[in-house]
Amino acid sequence: MTTPISQISQVQLNTELSLSQLIYGAWRLSDDEDTSIAHVRSKIDACLEQGMTSFDHADIYGNYSCEALFGKALAEAPELRDQMQLISKCNIMLLSDSAPNRRVKHYDTSPAHIAYSVDNSLRHLNTDYLDLLLLHRPDPFMDAEATGRMLDQLIDSGTVKAVGVSNFKHWDWDLLQSAMHNRLVTNQLEMNLLARDTFTDGTLAQQQRLKCKPMAWSPLAGGRIFGDDADAQRVRPVLERIATENECGIDHVAVAWLLAHPAGILPIVGTNNPQRIREAHKALNINIDRETWYELWTAAAGAEVP
Ligand SMILES: NC(=O)c1ccc[n+]([C@@H]2O[C@H](COP(=O)([O-])OP(=O)(O)OC[C@H]3O[C@@H](n4cnc5c(N)ncnc54)[C@H](OP(=O)(O)O)[C@@H]3O)[C@@H](O)[C@H]2O)c1
């Protein structure tokens with residue numbers, strides 16, 4: 001008898017939007033050695049089969065190519081759109097062949113650029129709405145009133161169901177929120193055993209105070225957790241012990257460490273490996289108690305807490 005796949009549950013962000021507790025990240029989609037539509041589709045199916053229904057995109061992923069790759073798979077199976085939530089981001093202006101006149105990498109939170117970028121995302125993803133739009137990075141040149149008005153307009157017109165931010169400090173969040181009548185729903189942050197600043201610098205505290213569910217990008221430190229960095233080498237034996245106890249991989253333990261936090265963190269899984277995608281749900285079955293959580297923190301930090 002085969003073991004049934006544990007369903008990844010849905011987490012409500014507001015009355016309009018629920019996301020899966022584990023999200024699939026599309027950043028590396030075009031890095032896969034197989035970028036055929038059939039292979040992209042098989043990865044989408046592997047996510048949906050276990051209840052990983054939310055997909056994290058950005059206009060710039062794969063040098064502006066990943067949304068279209070995903071959208072082609074969706075065009076062949078439009079019935080899947082209702083079974084998933086599509087997240088995208090805007091405002092990073094990359095130096096790229098597709099923008100030959102751009103002189104410097106910069107951010108653009110102007111209403112015109114946000115509208116242009118969302119239109120492109122919709123077209124590339126083959127959809128007529130986004131479930132969630134995020135401002136990708138705080139923009140020190142942001143006109144908060146103008147940006148906030150545009151984001152409200154996108155929600156009020158139904159083009160996006162909700163808006164959030166990424167990599168924002170709480171003061172960046174407060175400024176943007178002060179210019180909007182809709183509530184920002186999440187901050188997508190770099191959070192993993194090797195990147196712990198948000199746990200203590202007020203960023204996660206603000207998300208908890210607002211009862212928002214933060215998203216964690218690069219939960220395996222972009223793969224560094226498997227590498228030669230000193231902090232990775234220190235934390236790996238502890239991860240391996242817990243993985244053995246739970247009959248799973250250290251990747252699942254690293255994700256479980258995020259899931260255990262009371263803030264209700266939503267990790268974004270980034271693997272292109274089909275078997276790893278299929279097994280992502282294993283992170284949900286690992287109990288990380290308070291002392292184990294600190295054991296991993298201490299190993300990663302290389303020092304006990306004060
Ligand atoms: N908002 C932002 O600024 C921001 C920034 C970066 C990322 N993101 C989002 O976060 C998502 C996840 O980021 P990420 O891809 O860096 O996540 P990650 O899960 O930390 O790292 C994925 C990398 O780890 C490798 N890996 C995973 N499991 C492995 C294993 N068991 N053994 C060896 N290598 C393993 C993967 O290689 P394989 O493919 O070979 O498994 C892949 O290269 C992105 O897709 C994107 O949606 C957002």
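One-based numbering, in listed order, for ligands and for the atoms of each. This structure is a prediction, so every number in the text was calculated from the model and none was measured. Position 1 is the first residue of the sequence; numbering continues from there.
Ranking the protein heavy atoms by distance from atom 11 (C) of ligand 1 puts I268 CG2, 3.6 Å first. In terms of protein heavy-atom proximity, atom 35 (C) of ligand 1 is nearest to F226 CE1, 3.3 Å. Closest protein heavy atom to atom 24 (O) of ligand 1: G223 CA, 3.3 Å. Nearest protein heavy-atom contact of atom 22 (C) of ligand 1 is R28 NE, 3.6 Å. Here the protein heavy atom with the shortest distance to atom 39 (O) of ligand 1 is N272 N, 2.8 Å. Scanning the protein for heavy atoms near atom 47 (O) of ligand 1, the closest one is D56 OD2, 2.6 Å. Given atom 10 (O) of ligand 1, the protein heavy atom at minimum distance is W217 CB, 3.3 Å.
Residues that satisfy the side chain to side chain contact (heavy atoms under 4.5 Å, CB included) test with L175, not counting sequence neighbours, are M142, A144, S178.
Pairing each heavy atom of I277 with each of A46, the nearest pair is CG2-CB, 3.8 Å.
In terms of polar-atom proximity, L220 is counted as a contact of ligand 1, with an N or O under 3.5 Å from an N or O of the ligand. For the pair G222 and ligand 1, the shortest N or O to N or O distance falls below 3.5 Å. Inclusion of W27 in the set of residues having an N or O under 3.5 Å from an N or O of ligand 1 is warranted.
Partner of V253 under the side-chain contact (heavy atoms from CB on, under 4.5 Å) criterion, out of N246, V235, I242: I242 alone.
Contacts between S166 and ligand 1, counted as non-hydrogen atom pairs separated by less than 4.0 Å, involve the side chain only.
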Residues L19, I87; criterion side chain to side chain contact (heavy atoms under 4.5 Å, CB included); working and verdict: CA-CA 10 Å; L19 298 179; I87 303 161; 4.2 Å; yes
